[in-house]
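Report on the structure given below.
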Amino acid sequence: MHRSDFVIGLILLGFGMFVVSESSGMPRYANIGANPVTAPGLVPGILGGILAFLGLVMALRALIAMRADGRPATPPDQIEVFGVEAKADEPPPSYVPEPPATSRKRFLTMLTMSLVFAAVAVSRLPFWLATFLFVAITITLLELPRFSSARDAAVRIGFALVIAGGVAWSVPYVFENVFLVRLP
Amino acid sequence: MEGLAYFGAAMIEFLDAASLWNILWATLLGIIVGMLPGLTATLGVALLTTLTFGLPPDEAILILVCMYVGAIYGGSRSAILLNIPGTPANAATALDGNPLARRGEGGRAMGIATAGSVLGSFIGMLMLASIAPLLAEAALRFQSFEFFWLAVFGVVISGRLTSLDDPLKGWIAGFLGLLVAMVGQEAIYSYPRFAYGDTNLAGGFGLLPVLVGLFGFAEILTVMRQPLAAVIKTSTDSVIPKVREVLRYWRTIIRSGVTGTLMGLIPGVGEDMGAWSSYALARGASKEKEQFGKGSIEGLMAAEAGNNAAVPGAMIPVLTLAVPGSAPAAVLLAAMFIHGIRPGPLIMITNPSFVYEVTAMVFLASASILLYGLLLTKPLMLVLRVPPSRLMPIIMVLCTVGAFAIASRLFDVWVMLAFGVAGFILRQYGFPMAPLILGVVLGPILDSNLRRGLVLSDGSLLPFLSRPISLALWISIALTILLGIPTVQRFLADVVRRVKGGRAPDTNS
């Protein structure tokens with residue numbers, strides 16, 4: 001946690017300094033007699049400076065914590081909120097433990113499919129087709145680890161196709177005809 | 001009396017068939033959105049803003065308020081039954097609601113949550129109707145100096161209270177939000193900041209695509225990254241609360257309603273803190289402290305009254321200062337601007353009936369959560385059985401449409417994706433999202449009022465520091481920052497300990 005805080009602090013410090021430098025390069029309109037306090041770069045420059053300072057504090061704080069011996073490496077697992085102890089890391093009893101690789105795969109599948117759908121497919125395919133393909137393929141990929149037999153796989157894929165068909169038909173219909181909203 | 005007449009007129013206006021239909025479906029949709037972990041009130045209101053922007057302003061805002069109230073209430077269902085708060089505002093609900101459900105009293109817990117939510121909303125609604133006109137009148141004295149400090153105050157206090165264990169991250173999120181708002185043409189010279197010749201960037205980032213990214217796409221990715229819940233508890237006992245059981249805790253309900261509303265009123269703090277602070281106060285004042293965390297009816301009631309009271313509370317600054325009290329209220333504020341409603345200090349002069357229309361909207365939304373809470377609790381439980389693998393792709397489609405539809409720009413879809421990924425990363429490292437959103441909303445206010453104030457004062461900072469309201473605001477900001485620094489906290493704790501230690505012999509002697 002401290003190591004990542006250190007790196008993020010440095011990134012914020014760099015970003016803040018970049019904002020300050022960009023802001024200082026913005027025009028001040030002195031040639032048209034403008035008051036210097038109205039310069040467009042004033043506020044972003046101040047905000048960039050504050051962000052750089054906060055980033056520096058975060059990096060230094062993490063550095064001090066990393067160097068300190070015997071200190072806990074992560075924040076305490078109980079957060080006190082207005083005197084009420086809220087357990088931060090205790091898994092709720094209804095969770096079934098799952099290997100980290102499974103959730104990582106699920107996350108990467110969702111991320112990739114979402115980016116392909118929203119950034120590429122909607123601008124190149126008709127919206128209904130992009131939606132149908134995205135929903136059907138994503139549900140199938142997400143449920144792949146749960147396929148227990150050929151029959152189960154067929155049922156799950158069938159379900160995915162039905163949901164995809166329903167969404168591909170209903171979203172354009174509801175948005176365009178009922179609420180008169182334009183779609184990509 | 002004038003207020004009551006406006007309220008009556010608004011109630012009559014909303015009691016036609018079309019409005020009642022809108023109230024019923026929007027509140028039900030809100031409850032479902034709130035119930036489903038991963039879908040927050042903010043996302044629900046943001047997506048519905050897109051859907052309703054073709055409707056008349058009154059109907060659109062009515063739908064959004066119903067979604068907001070419904071979602072904050074709906075989150076209690078999953079908090080009680082799954083121990084997973086449906087929205088972050090229901091985290092305190094889970095502390096006592098889930099132990100009750102595990103004892104087989106899930107129905108009773110949901111009934112108490114319904115009663116707490118409805119009564120909390122009513123108290124908040126009464127405070128909205130009484131405080132908003134007064135605050136609007138006081139805000140007429142606000143000039144650029146005060147609005148500048150109000151924007152800073154919002155970001156600082158929101159950063160502090162939404163990230164209690166690490167305020168630094170809350171403040172960083174807030175300042176990142178303010179910087180996001182700096183992209184695009186500024187108000188005085190129309191200079192396109194950070195646009196690098198790109199016309200899309202010169203137009204700035206729209207609030208809705210940013211919101212849908214931070215609260216929609218980022219949330220989808222977060223749900224996918226977490227372990228999946230596999231056990232769903234059901235309840236068989238009655239979901240209708242016993243009147244005697246509710247009335248027994250009338251003090252807790254009033255205290256929580258007032259506390260929740262005041263927490264909602266503070267810019268950017270919102271429902272989460274409304275619930276936590278009400279819960280903490282209820283525990284402090286309770287005769288049954290030992291029951292808290294083990295299935296206390298009083299604790300559950302306090303948490304739910306607190307978070308639902310914060311909803312009308314968060315609307316008070318929206319209406320009177322054009323500053324949002326919470327993240328969903330920020331979307332509501334944006335929706336009001338889209339529909340040509342101009343909230344702010346002049347609202348009681350230009351559009352005095354609107355405050356009471358919003359009060360009537362909260363009343364009708366609260367009445368319908370009572371209806372759904374009593375009649376539809378058990379059928380609604382089926383929603384919790386929808387696996388995320390089937391739900392999240394559908395939500396992603398809605399996020400894409402939601403980001404695109406307001407301005408019909410594909411650029412907004414990319415903005416949603418970029419902010420979604422950035423929001424996911426920031427959340428993984430403990431940065432809260434509410435101050436970031438507040439920063440995006442308050443950025444233009446801070447920017448224009450600082451520069452305007454400096455022009456008025458001819459470059460002098462003195463009016464920023466010496467005018468009475470400015471003085472109170474900057475001292476509050478300084479104290480919030482100082483008290484958030486661990487070294488100062490330790491020093492103060494040490495002083496308190498010494499004072500107490502010094503007094504102890506005196507009291508004994």
Side-chain angles (χ1 to χ4, degrees), chain A residues 4-5 8 12 19 22 26-27 29 35 37-38 40 42-44 47-48 50-51 54-55 57-58 61 75 79 81-84 86 91-98 103 106-107 110-111 113-115 117-119 122-123 131 134-135 138-139 142-143 163 167 171 175 179-184, chain B residues 50-54 82-84 91-92 164-165 168 171-172 175-176 178-179 182 186 188-189 191 193-194 217 220-221 224-231 233 276-277 279-280 283-284 389-390 392-394 396-398 400-401 404-405 408 410 413-414 416-417 429 446-447 450-451 454-455 459:
Chain A
S4 60
D5 273 8
I8 294 171
L12 290 168
V19 171
E22 287 291 294
M26 287 180 192
Y29 299 107
N35 191 332
V37 294
T38 60
L42 178 76
V43 177
L47 294 176
I50 294 173
L51 192 68
L54 293 176
V57 171
M58 192 169 149
R61 188 183 69 174
I79 310 163
V81 185
F82 280 118
V84 179
S94 53
Y95 278 144
V96 171
E98 189 181 55
S103 65
R106 194 169 51 224
F107 161 75
M110 192 71 211
L111 178 68
M113 290 303 297
S114 299
L115 291 177
F117 166 67
V122 286
S123 58
T131 302
F134 166 69
V135 176
T138 310
I139 294 179
L142 291 174
E143 297 203 339
I163 295 172
V167 175
V171 169
F175 276 74
F179 291 101
L180 309 175
V181 170
R182 276 189 63 198
L183 291 179
Chain B
T50 308
L51 262 180
T52 55
F53 88 116
L82 302 179
N83 202 20
I84 306 167
L164 283 170
D165 51 329
L168 184 63
W171 292 329
I172 288 174
F175 280 95
L176 277 173
L178 289 172
L179 271 175
M182 293 300 116
E186 45 86 49
I188 299 181
Y189 302 101
Y191 175 76
R193 292 164 172 159
F194 307 107
F217 188 35
I220 292 172
L221 295 177
M224 289 290 130
R225 193 72 183 86
Q226 284 167 348
L228 291 180
V231 181
K233 292 186 186 300
W276 281 117
S277 49
Y279 185 82
R283 194 179 67 161
S389 55
R390 289 178 188 168
M392 291 304 150
I394 302 173
M396 186 60 208
V397 172
L398 295 177
T400 308
V401 176
F404 175 83
S408 300
L410 268 176
V413 175
W414 302 331
M416 180 271 291
L417 292 173
Y429 291 104
L446 182 143
D447 178 32
L450 174 62
R451 291 191 290 160
L454 284 170
V455 171

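Lettering of chains follows the sequences in order, A, B, ..., and the numbering in each one begins at 1.
Considering only residues two or more places apart in sequence or on other chains, Arg61(A) meets the salt bridge (Lys or Arg N to Asp or Glu O under 4.0 Å) condition with Asp5(A), Asp166(B). Every side chain to side chain donor-acceptor pair (under 3.5 Å) that Tyr189(B) has, sequence neighbours left out, goes to Thr38(A).
Heavy-atom distances place the side chain of Ile50(A), and not its backbone, under 4.5 Å from chain B. Only the side chain of Phe217(B) comes within less than 4.5 Å of a heavy atom of chain A; its backbone N, CA, C and O stay farther away. Using a 4.5 Å cut-off between heavy atoms, Leu51(B) touches chain A through backbone and side chain atoms alike. Only the side chain of Trp414(B) comes within less than 4.5 Å of a heavy atom in chain A; its backbone stays farther off. In this structure, chain B has heavy atoms under 4.5 Å from both the backbone and the side chain of Leu54(A).
Taken to the nearest 0.5 Å, the CD atom of Glu143(A) stands 11.0 Å off from the CZ atom of Arg106(A). Here the CZ-CE distance, from Phe194(B) to Met182(B), works out to 8.5 Å after rounding to the nearest 0.5 Å. For the atom pair Met26(A) CE and Arg193(B) CZ, the distance stands at 6.0 Å (nearest 0.5 Å).
Among Val37(A), Leu142(A), Ile8(A), Leu12(A), the residue with the largest count of heavy-atom pairs under 4.5 Å with chain B is Val37(A). Counting heavy-atom pairs closer than 4.5 Å to chain A, the top-ranked of the candidates Val401(B), Val455(B), Ile394(B) is Val401(B). Most heavy-atom pairs under 4.5 Å with chain A, from the set Thr50(B), Ile220(B), Val397(B), Leu176(B): that is Val397(B). Comparing Leu179(B), Leu410(B), Ile188(B) by how many heavy-atom pairs each has under 4.5 Å with chain A, the most go to Leu179(B). Contacts with chain B were tallied for Leu51(A), Leu42(A), Thr138(A); Leu51(A) has the most, counting heavy-atom pairs under 4.5 Å. Residue with the most contacts toward chain A among Leu168(B), Leu446(B), Val413(B): Leu168(B) (heavy-atom pairs, distance under 4.5 Å). Listed options Gly48(A), Ala118(A), Gly55(A) were ranked by heavy-atom pairs under 4.5 angstrom with chain B; first place goes to Ala118(A). Top candidate by heavy-atom pairs under 4.5 Å with chain A, chosen from Thr400(B), Leu221(B), Leu398(B), is Leu221(B).
Not one N or O on the side chain of Arg225(B) forms a donor-acceptor pair closer than 3.5 Å with the backbone of Phe107(A). Distance alone, capped at 3.5 Å, places no donor-acceptor pair between the Glu186(B) side chain and the Pro40(A) backbone.
In this structure, the side chains of Ser103(A) and Met224(B) stay at 4.5 Å or more apart for every pair of heavy atoms.
Using bins of under 30°, 30° to 60° and over 60° for the plane-to-plane angle, the ring pair Tyr191(B)/Tyr29(A) lands in the perpendicular bin.
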